[in-house]
> 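Below you will find the structure I want to go over with you.
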Protein chains: 2
Amino acid sequence: MNREIVERLRHLGILPSAQRVAVAKFVLQTTRHPCAEEVLAAVREEVPMISLATVYNTLHLFAEKGLLRELALSEGKVVFDPRMDPHHHLIDEDTGAILDLDWSALRVEHAAEAARAQGFEVSEYQVVLRGRRAARRPARSTAAPKGKRRAR
Amino acid sequence: MNREIVERLRHLGILPSAQRVAVAKFVLQTTRHPCAEEVLAAVREEVPMISLATVYNTLHLFAEKGLLRELALSEGKVVFDPRMDPHHHLIDEDTGAILDLDWSALRVEHAAEAARAQGFEVSEYQVVLRGRRAARRPARSTAAPKGKRRAR
DNA sequence: TCATGGGTCTAGAATAATTCTTATCTGAGA
DNA sequence: TCTCAGATAAGAATTATTCTAGACCCATGA
């Protein structure tokens with residue numbers, strides 16, 4: 001498993017140091033959207049003396065080489081997303097968590113045209129949704145209101 | 001003109017101090033998306049002693065009261081947008097400038113459904129496009145665009 | 001008049017995320 | 001083995017933002 005990560009890095013012209021492999025191993029496999037501090041914490045399990053600066057360097061290097069993407073969606077900090085295929089993002093307004101939505105889950109029309117009308121050539125776009133987890137289904141046992149549930 | 005700003009603030013239950021009126025006068029009329037520092041610079045023309053802390057306080061207060069919106073689109077800093085009607089954003093990858101796109105300029109379908117499929121109730125969404133100004137009619141001139149900008 | 005108090009303001013300290021600096025280390029080749 | 005480019009660690013520096021503490025302003029009531 002390390003083997004294939006090493007190969008992947010080499011293939012992009014990245015020297016596969018222990019630190020880089022550890023970072024790659026963590027970020028490429030997560031489905032979350034970790035920030036640099038979270039990557040640091042996770043990677044320290046394996047490479048205890050790695051520094052924050054190295055984590056930043058490595059993440060930026062990876063982003064530059066197309067191994068992952070930097071996202072500045074929520075305020076304050078940048079997070080990293082290993083999914084490189086186009087997709088959308090849904091932000092939990094309560095927790096700040098970021099979820100992926102498949103590209104095909106919704107449809108955007110006329111994006112390129114709208115930008116062109118402003119004299120721009122679009123290089124990428126995505127829909128950013130914000131919302132909150134819907135109220136938990138009332139459990140049928142106790143305080144569940146009888147009758148059909150109405151959304152909204 | 002100040003009169004109507006004062007009225008608008010009062011109407012929202014905001015005490016219209018000189019500082020607040022000056023901030024409102026600037027942010028509500030701009031079509032750009034200024035960050036706090038820019039607001040400070042602009043407002044200092046009129047109220048030279050105003051502090052950065054007051055600018056932040058005022059902008060957050062306004063956002064809370066629904067007078068403007070905070071956007072965390074690009075990395076690093078938050079900007080403020082006086083347009084409160086739903087619309088989309090187009091980011092110039094070269095300059096970082098943010099343009100508005102009318103809601104009707106493009107169409108998004110199934111946004112609410114896509115979020116609901118994840119157990120979320122959407123409260124808002126927007127399309128974020130990134131691109132660059134289309135080359136100005138290359139015109140077959142010899143001079144290739146020199147000096148590429150360094151992205152940042 | 002003067003004291004009181006609520007709300008606002010400023011300057012500067014504090015914090016958080018990120019980048020920079022510099023000295024040190026490492027490993028692939030000459 | 002020696003060398004040197006590239007990588008790393010530690011901590012300083014920078015940038016954006018928030019917090020703190022005290023000063024200020026002004027309406028009110030004794």
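Letters go in sequence order (proteins before strands), and every chain restarts at 1.
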> Return the residues of residues 14-28 of chain B meeting this criterion: a heavy atom under 4.0 Å from some atom of DNA chain C. Order them by number, or give none.
B:Leu15, B:Ser17, B:Gln19, B:Arg20

> Is it the case that B:His89 and B:Gln126 place a side-chain donor and acceptor less than 3.5 Å from each other?
yes

> Without decimals, in angstroms, what is the distance between A:Leu59 CG and C:dT19 P?
10 Å

> Among A:Leu28, A:Leu68, A:Asp102, find the residue that satisfies the side chain to side chain contact (heavy atoms under 4.5 Å, CB included) test when tested with A:Arg83.
A:Asp102

> Closer than 4.0 angstrom, basic N to acidic O: yes or no for A:Lys77 and A:Glu37?
no

> In whole Å, what is the span from the CZ atom of A:Arg10 to the P atom of D:dG6?
17 Å

> Take the protein atom CD1 of A:Ile50 and the nucleotide atom C1' of C:dT26, then report the distance between them rounded to whole Å.
16 Å

> To the nearest angstrom, how far is A:Met49 atom CE from D:dG11 atom P?
16 Å

> With the threshold set at 4.0 Å, does a side-chain nitrogen-carboxylate oxygen contact exist between B:Arg69 and B:Asp81?
no

> Give me the one residue out of B:Thr54, B:Val47, B:Val55 that meets side chain to side chain contact (heavy atoms under 4.5 Å, CB included) with B:Ser51.
B:Thr54

> Roughly, in whole Å, what's the span from CG in B:Leu71 to P in D:dT17?
12 Å

> Consider side chain to side chain contact (heavy atoms under 4.5 Å, CB included). Of B:Leu90, B:Val128, B:Val127, B:Ile91, which one does A:Tyr125 pass it with?
B:Val127

> At under 4.0 Å, does any side-chain N or O of B:His60 touch on OP1 or OP2 of D:dT17?
no

> Look at the rings of A:His88 and A:Trp103 and say which category their plane angle falls in: under 30° parallel, 30 to 60° tilted, over 60° perpendicular.
parallel

> Ignoring the backbone of B:Leu52, work out which of D:dT17, D:dG11, C:dT10 is nearest its side chain.
D:dT17

> Identify all pairs in which a protein N or O lies below 3.5 Å from an N or O of nucleotides 12-16 of chain D, and state each distance.
from: D:dA16; atom 1: OP1; to: B:Lys77; atom 2: NZ; distance (Å): 3.1

> Once you round it to whole Å, what is the distance between P of C:dG7 and CG of B:Asn57?
15 Å

> With salt bridge (charged side-chain N to carboxylate O under 4.0 Å, His left out) as the test, pick out the partner of B:Lys25 among B:Glu4, B:Glu46, B:Glu45.
B:Glu46

> Using a cut-off of less than 4.0 Å, is there contact between a side-chain N or O of A:Thr54 and OP1 or OP2 of D:dA9?
yes

> Rounded to the Å, how far apart are A:Arg44 CZ and D:dT8 P?
14 Å

> Ignoring hydrogens and angles, state whether a donor on the side chain of B:Gln19 or B:Thr58 is under 3.5 Å from an acceptor on the partner side chain.
no

